[in-house]
Amino acid sequence: MIELKSNGSTNLTPIVIPHEHGGWAMVSVPFLVGVAASSPQWLHVPLFLAWLGLYLTAYPLLQSLKRNANRQRLYQWAAIYGTIALVCLILL
């Protein structure tokens with residue numbers, strides 16, 4: 001898990017994002033190939049953001065099953081990512 005920390009001037013909790021580099025390719029390459037195979041449209045932007053949001057939502061939820069520490073922080077980030085995905089899905 002990668003944790004990007006703030007400079008201490010704010011109360012932000014560290015960002016929770018997956019650190020597996022292969023996972024990023026697995027989430028982006030199929031989508032980009034599909035967009036390239038069809039004609040790119042503006043509708044693809046919220047679709048990709050929803051796709052990415054759901055991918056990012058799954059990571060903290062799975063980590064919360066493995067870890068007891070910082071479970072509340074993991075749920076917080078899952079809720080943030082899930083909300084972003086939900087908003088993008090509503091836009092579709």
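Count residues from 1 along the sequence.
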- Item | Straight-line distance of Leu49 CG to Leu92 CG, nearest 0.5 Å | 9.5 Å
- Query: Linking I/L/V/M/F/W/Y whenever any side-chain heavy atoms sit under 4.5 Å apart, do Leu54 and Leu65 land together?
  - Reply: no
- Should side-chain heavy atoms under 4.5 Å link Ile, Leu, Val, Met, Phe, Trp and Tyr, which residues sit in the same cluster as Leu61? Tyr75
- Message: Can you list everything that forms a side chain to side chain contact (heavy atoms under 4.5 Å, CB included) with Ala50? Sequence neighbours excluded, please.
- Response: Cys88, Leu89
Please table the atom pairs, donor to acceptor, closer than 3.5 Å between any side-chain atom in residues 26-38 and protein atoms at least two apart or in another chain.
unit_1: Ser28; atom_1: OG; unit_2: Trp24; atom_2: O; d: 2.8
unit_1: Ser38; atom_1: OG; unit_2: Gly34; atom_2: O; d: 3.2
unit_1: Ser38; atom_1: OG; unit_2: Val35; atom_2: O; d: 3.4

- Message: Give me the atom names and distance for the closest heavy-atom approach of Gly82 to Thr57.
- Response: N-OG1, 3.0 Å
- Spacing of His44 atom NE2 and Ser39 atom OG [to the nearest 0.5 Å]: 7.0 Å
- Message: Tell me whether Tyr55 shares a hydrophobic cluster with Leu62, the cluster being built from Ile, Leu, Val, Met, Phe, Trp, Tyr side chains joined at under 4.5 Å.
- Response: no
- Query: Would Leu43 and Val87 show up in the same hydrophobic cluster when neighbours are defined by side-chain heavy atoms closer than 4.5 Å?
  - Reply: no
- Item | Minimum heavy-atom distance between Pro14 and Trp77, given as atom pair plus value | O-NE1, 2.9 Å
- Would you please say whether a donor-acceptor pair under 3.5 Å links the side chains of Asn68 and Arg71? yes
- Going by heavy atoms in the side chains, are Arg73 and Pro60 under 4.5 Å from each other? no
- Query: Does atom CD of Gln41 have more than 12 heavy-atom neighbours from other groups under 6.0 Å away?
  - Reply: yes
- Message: Between Ile17 and Tyr59, is there a side-chain heavy-atom distance shorter than 4.5 Å?
- Response: no
